[in-house]
Amino acid sequence: MGSTGELTRYTWEEVKKRCTREERWLVINRKVYDITRFINIHPGGSRVISHYSGQDATEAFTAFHIDQEMVKKRMCCLLIGELAPGEPSAEPGKDAAMVEDFRTLRTTVEQMGLFRPSKLFFFGVLLHIILLDVLAYATLYYGGTSFIPLLVTALLLGTVQAQAGWLQHDFGHLSVFSRSSWNHLVHKFVIGQLKGAPASWWNHLHFQHHAKPNCFRKDPDINMHPLLFALGKKLSVELGMKKKKYMPYNHQHKYFFLIGPPALIPVYFQWYIFYFAIQRKQWLDLAWMISFYVRFGLCYIPFLGVSGTIAMFMLVRFIESNWFVWVTQMNHIPMNIDYDQNKEWLSTQLQATCNVDQSLFNDWFSGHLNFQIEHHLFPTMPRHNYWKAAPLVHSLCKKYGIEYQSKPLFTAFADIVHSLKESGELWLDAYLHK
């Protein structure tokens, strides 16, 4: 506060400088907040809020919080000032008209009721997961342990894991209940008891991805660059020019089939989730996780023995991993991957995201993440309403000349491989000739 009790006035240039370890500021609705110490206790994790240091976080704040007034009250102690009257509301370098039009679109979809969830829909999703889980057990119970019943059981359990993954995603994004606490509670049950993973781990990684999608060093989903893959045209050329070679990237579109879809969950995630929960002392999450493994063992050890149950479990993880990787990467890997350019929320999400054509199967198979564009623009929107928002989003993109991509499912899968091949070739050319 100034000497008169008024808020101190700042310029965008002053805010922009506060993006160091020693001092971090951000702007929300023209108000300036000092988050330097707050990042360590931020409920969404320290990194996701730090990614907006020195920037306007208005759209991200609006997108991630379902009770914004309550959150703003709790942030009063962080408020240090506001933008000076002569400063524009839109951050310099951003299209002010686009920013305003997107905020108008946000208001429109809110007024249309597209953020109101259907409890019956989500109950139906949970019920079909439980029924598939019961059917998997019944297959061994009544069918015996010959090859066909074992295979059917593995496929059913793999489907359970994939579909439970989409459901925990709904609760993690606070899109089922109007109260955050209820979403968090059920999220722990679904991801912990139904999948054997910690909710805190998912929150830590996934919100960063949404805040800065396909932004190198800010989006953990592209952390496989450059250790395993060369991603994106610009980053691949940069890697080649620096003469760095951690893998034979010109063959990455081939070895992707070995270390990508089959291996992510059973080889990497499966051990890392335990390390994460223990290292961060997330004991409640760990308890939920253990309850899943105890239940799995009690169900299948009597039929398969210990070694057979472990083999079944790894086969289920293998099926889930392939399903998960192809679905989650089809929307992002073929898109623009770069350093954070601090663009408008609409531009940032559309450059990094594409859709897959709607069908009943695609909706079910991907957990409605075939509407990835709408999901990224409005992450707390219940997934059953994405299709209603899509025409409005498409119209706004058309107005500003932003490409709105939607493609068939298998084209989206193929584009992952094509993009890996292209970026690998760009790396090789830069490595040899630049």
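What you see below is based on every heavy atom in this structure, not just the backbone, and it leaves out hydrogens, waters and symmetry mates. These figures come from a predicted structure and were not determined experimentally.
- Within a 6.0 Å sphere centred on NZ of Lys398, heavy atoms belonging to other residues, nucleotides or ligands number 12 at most.
- Heavy-atom neighbours of Arg47 CZ from other residues, nucleotides or ligands within 6.0 Å: at or below the threshold of 12.
- Under the 4.5 Å side-chain criterion, counting only non-hydrogen atoms from C-beta, Phe269 is in contact with Phe324.
- The number of heavy atoms from other shown groups lying within 6.0 Å of CZ (Arg295) is above 12.
- With a 6.0 Å radius and a threshold of 12 heavy atoms from other residues, nucleotides or ligands, Met70 has its CE atom above the threshold.
- With respect to the salt-bridge test (charged N to carboxylate O, under 4.0 angstrom), the residues Lys407 and Asp357 do not qualify.
- Under 3.5 Å, the side chains of Asn250 and Tyr431 contain no donor-acceptor pair of N or O atoms.
- In this structure, a donor-acceptor pair under 3.5 Å is present between the side chains of Ser200 and Asp285.
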* Check step by step if side-chain contact (heavy atoms from CB on, under 4.5 Å) holds for Leu194 and Leu126. => CA-CA 10 Å; Leu194 298 185; Leu126 177 60; 4.0 Å; yes
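- Between Val325 and Phe256 the shortest side-chain heavy-atom distance falls below 4.5 Å.
- Summarising the geometry of Asp56 relative to Val27, their closest heavy-atom pair is OD1-O, 3.0 Å, with the distance given to 0.1 Å.
- Annotation: Lys281, atom NZ; neighbour count of heavy atoms from other residues, nucleotides and ligands within 6.0 Å does not exceed 12.
- In terms of the side-chain hydrogen bond (donor to acceptor under 3.5 Å, both in side chains) criterion, Gln329 has no residue partners (sequence neighbours excluded).
- Donor-acceptor pairing under 3.5 Å is lacking for the side chains of Tyr386 and Asn370.
- A pairwise comparison of heavy atoms in Ala390 and Tyr404 identifies CB-OH, 3.7 Å as the closest pair.
- For Leu360, the CG atom sits in a loose shell: 12 or fewer heavy atoms of surrounding residues, nucleotides or ligands are nearer than 6.0 Å.
- Taking the ring-ring contact (aromatic ring centres under 6.0 Å, His included) definition, one finds that His206 meets it with His169, His173, Trp202, His209, His210, sequence neighbours left out.
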* Begin from the C-alpha positions of Val176 and Val186 and carry the test side-chain contact (heavy atoms from CB on, under 4.5 Å) through to its verdict. => CA-CA 10 Å; Val176 181; Val186 182; over 6 Å; no
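- Listed here is the closest heavy atom pair of Met335 and Cys354: SD-CB, 3.8 Å.
- With sequence neighbours excluded, no residue satisfies side-chain hydrogen bond (donor to acceptor under 3.5 Å, both in side chains) with His65.
- Counting only N and O atoms by type, the side chains of Glu238 and Tyr339 include a donor and acceptor under 3.5 Å apart.
- Between Trp427 and Tyr246, the distance from one ring center to the other does not fall under 6.0 angstrom.
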What side-chain donor-acceptor pairs closer than 3.5 Å can you find for residues 71-85, not counting sequence neighbours?
{"residue": "Glu82", "atom": "OE2", "partner": "Arg9", "partner atom": "NE", "Å": "3.0"}

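- Residues satisfying the side-chain hydrogen bond (donor to acceptor under 3.5 Å, both in side chains) criterion with Lys16, sequence neighbours excluded, are absent altogether.
- Checked by atom type, the side-chain pair Glu422/His418 shows no donor-acceptor distance below 3.5 Å.
- Residues Met98 and Ser347 approach most closely at SD-OG, 3.4 Å, considering heavy atoms.
- Taking His204 as the reference, Phe276 meet the ring-ring contact (aromatic ring centres under 6.0 Å, His included) condition, with sequence neighbours excluded.
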* Asked: For Gln55 and Asp340, what are the C-alpha separation, side-chain angles and deciding distance, and is it a side chain to side chain donor-acceptor pair (under 3.5 Å)?
  -> CA-CA 11 Å; Gln55 300 180 8; Asp340 181 15; 3.2 Å; yes
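- A distance below 6.0 Å separates the ring centres of Trp25 and Tyr10.
- With a 4.5 Å cut-off on side-chain heavy atoms, His225 and Phe229 do not count as touching.
- Ser291 and Gln193 share a side-chain donor-acceptor pair at under 3.5 Å.
- Side chain to side chain, Arg24 and Thr36 fail the donor-acceptor criterion of an N or O pair below 3.5 Å.
- Checking His128 against Trp364 by side-chain atom types alone, a donor-acceptor pair falls below 3.5 Å.
- You'll find the side chain of Phe365 stays beyond 4.5 Å of the side chain of Gln163, heavy atoms only.
- At a threshold of 4.5 Å between non-hydrogen side-chain atoms, the residues Phe257 and Val417 count as touching.
- Minimum interatomic distance between Ala154 and Val316 (heavy atoms only, all atoms of both residues): O-CG2, 4.1 Å.
- Salt-bridge annotation for Glu320 and Lys195: present, with a side-chain N of the basic residue lying under 4.0 Å from a carboxylate O of the acidic one.
- Remark: the Gln252 side chain and the Ser423 side chain contain an N/O donor-acceptor pair separated by less than 3.5 Å.
- Atom OH of Tyr293 sits in a crowded spot, with more than 12 heavy atoms from other residues, nucleotides or ligands closer than 6.0 Å.
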* To do: Could you please spell out the steps behind the side-chain contact (heavy atoms from CB on, under 4.5 Å) verdict for Leu409 and Phe361?
  => CA-CA 10 Å; Leu409 180 65; Phe361 175 79; 4.1 Å; yes
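- Between Tyr275 and Tyr272, the two ring planes are tilted [angle within 30° to 60°].
- Glu59 and Arg103 are joined by a salt bridge, as a carboxylate oxygen and a charged side-chain nitrogen come within less than 4.0 angstrom of each other.
- Between Gly45 and Ile49, the shortest heavy-atom contact is O-CG2, 3.8 Å.
- Aromatic pair Phe177/Phe115: centroids not less than 6.0 angstrom apart.
- Put simply, the side chain of Gln208 does not reach to within 4.5 Å of the side chain of Asp219, judged on heavy atoms.
- A salt bridge is defined here as a Lys NZ or Arg NE, NH1 or NH2 lying under 4.0 Å from an Asp or Glu carboxylate O, and Glu344 with Lys94 fails to meet this definition.
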